[in-house]
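Here the structure is laid out as structure tokens; the discussion comes afterwards.
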Amino acid sequence: MKRTGTLGLVLGLLFSAGISATAEEVEFKSLFNGKNLNGWEPTPGGKWEVKNGVVIGTSPKSEPRHGILLTKKRFKDFVVKAKFRVLHGDSGFYFRVDRVKSGVSVHGFQVEIDETDETGGLYETGGRGWVHQPTAEVAKKRSYKKGEWTDLELTAKGGDITVKINGIVSTRLINDKSRREGHIGLQLHGGQVMHVEYKDIELSVLE
């Protein structure tokens, strides 16, 4: 009887684990259709266009404004995946942001995306500034190089935020006090020669 009870318990636990795993599977939907910028809208500054399935952002050094390409929709809790490469300048992957009337155009969080090992850090525009920068050890592990296609994965659920670059965790915040909802955006930094590219942008809403 003890053996039967134990077996039943084990099978029950395995069954429950299977149900949980299935419930946690997420379905990703494209935020960028690969053809045009439907569903997105730019703020003043720089130029955004689509070529060969890639969103390309460029801006001259003479442009002082931060041109941001924003989703028309707002999002709360989600996982988003994208590929990016930086040819020139300082970009960023914004999330949970609100539009403001300034040369920066938005306030909120951005995953830092630039030519350096700061890529994958978190910066809060219009707030605390740098919230987290990747360590030298993490930067070495993820093999990030300027000009190469790079994988970004961002998870934001409540105050818990995780950023992965090439599958390596660059930043993790637990119970952060930042805003909980807003637009997603791609950044062109003002006052710099900018050329940044994004593709395969997909998002899954977390319940």
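By convention here, the first residue in the shown sequence is residue 1.
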Residues two or more places apart in sequence or in another chain: which of them pass salt bridge (Lys or Arg N to Asp or Glu O under 4.0 Å) with Asp77?
Arg96
Examine Val50 and Phe93 and state if one hydrophobic cluster contains both, with Ile, Leu, Val, Met, Phe, Trp and Tyr joined whenever side-chain heavy atoms are less than 4.5 Å apart.
yes
Is the shortest side-chain heavy-atom distance between Val196 and Leu186 below 4.5 Å?
no
Please tell me whether Leu37 and Ile201 are part of a single hydrophobic cluster in this structure, the criterion being side-chain heavy atoms less than 4.5 Å apart.
yes
Side chains of Val205 and Leu203 in contact at under 4.5 Å (non-hydrogen atoms):
yes
Polar side-chain atom of Arg172 near backbone of Ser170 as donor-acceptor pair, under 3.5 Å
no
For His189, check ring pair (Phe, Tyr, Trp, His ring centres under 6.0 Å) against everything at least two apart and list the hits.
His66
The side-chain contact (heavy atoms from CB on, under 4.5 Å) partners of Ser59 (sequence neighbours excluded) come to Glu63, Leu188, Met194
For a 4.5 angstrom cut-off between non-hydrogen side-chain atoms, does Thr155 reach Phe78?
no
Considering all heavy atoms of both residues, which atom of Arg65 and which atom of Pro44 are nearest to each other, and what is their separation?
NH1-CB, 3.3 Å
Write down the atom of Tyr198, the atom of Gly92, and the distance for their closest heavy-atom approach.
OH-O, 3.5 Å
Cluster question for you: counting only ILVMFWY and a side-chain heavy-atom cut-off of under 4.5 Å, with indirect links fine, are Val97 and Phe75 together?
no
Hey, does His107 have a side-chain heavy atom less than 4.5 Å from the side chain of Asp98?
no
Could you tell me which residues satisfy side-chain contact (heavy atoms from CB on, under 4.5 Å) with Ser204, sequence neighbours excluded, listed by chain and number?
Val26, Phe28
Not counting sequence neighbours, list each pair that qualifies as a side chain to side chain donor-acceptor pair (under 3.5 Å) and has a residue in residues 119-134.
Tyr94-Thr125, Asp114-Thr119, Glu118-Gln133, Glu124-Arg128, Arg128-Asp176, His132-Thr171
Do side-chain atoms of His183 reach the backbone of Thr71 as a donor and acceptor pair under 3.5 angstrom?
yes
Output yes when a side-chain donor or acceptor of Asp117 lies under 3.5 Å from a complementary backbone atom of Ala139, and no otherwise.
no
Salt bridge (Lys or Arg N to Asp or Glu O under 4.0 Å) partners for Glu137, two or more places apart
Lys141
Quick one: are Leu122 and Ile161 in side-chain contact, heavy atoms under 4.5 Å?
yes
Check ring pair (Phe, Tyr, Trp, His ring centres under 6.0 Å) between Phe109 and all other residues, then give those that pass, not counting sequence neighbours.
Phe95
Shared hydrophobic cluster for Ile168 and Ile113 (ILVMFWY, side-chain gaps under 4.5 Å)
no
Looking at Glu153 and Val79, would you say the former's side chain and the latter's main chain have a donor-acceptor pair under 3.5 Å?
no
Is any side-chain heavy atom of Tyr144 less than 4.5 Å from a side-chain heavy atom of Val86?
yes
Quick check for you: to the nearest 0.5 Å, what is the distance between Glu197 atom CD and Ser91 atom OG?
11.0 Å
Heavy atoms of Pro42 and Trp48 approach each other most closely as CB-CD1, 4.2 Å
Going from NZ on Lys177 to CZ on Arg179, what distance comes out if it is rounded to the nearest 0.5 angstrom?
15.5 Å
Side chain to side chain, Leu152 and Val111, heavy atoms closer than 4.5 Å
yes
Taking salt bridge (Lys or Arg N to Asp or Glu O under 4.0 Å) as the test, write out the residues that go with Glu181, two or more places apart.
Arg74
Checking Val138 against Val169 for the side chain to side chain contact (heavy atoms under 4.5 Å, CB included) test, could you report, in this order, the C-alpha distance in whole Å, the side-chain angles of both residues, the deciding distance, and whether it holds?
CA-CA 8 Å; Val138 166; Val169 175; over 6 Å; no
In chain order, what residues pass the side-chain contact (heavy atoms from CB on, under 4.5 Å) check against Lys83, with sequence neighbours excluded?
Trp149, Asp151, Lys199, Asp200
Leu206 reachable from Leu31 in the ILVMFWY side-chain graph, under 4.5 Å edges
no
Test: side chain to side chain donor-acceptor pair (under 3.5 Å). Region: residues 35-44. Which pairs qualify, not counting sequence neighbours?
Asn33-Asn36, Asn36-Asn38, Thr43-Ser105
Taking only residues two or more places apart in sequence, or in another chain, which ones meet Lys140 in a salt bridge (Lys or Arg N to Asp or Glu O under 4.0 Å)?
none
Does the Lys157 side chain pair with the main chain of Glu207, one donor and one acceptor, at a distance under 3.5 Å?
yes
Closest approach of Leu173 to Val131 (non-hydrogen atoms, all atoms of both residues)
CD1-CG1, 3.9 Å
Measuring only between side-chain heavy atoms, which start at C-beta, is Ile184 closer than 4.5 Å to Leu70?
no
Distance from Arg85 atom CZ to His195 atom NE2, nearest 0.5 Å?
7.0 Å
Is the count of non-hydrogen atoms from other residues, nucleotides or ligands lying under 6.0 Å from Lys146 atom NZ greater than 12?
yes
With sequence neighbours left out, the residues meeting side-chain contact (heavy atoms from CB on, under 4.5 Å) with Glu49 are Lys47, Lys51, Ile56
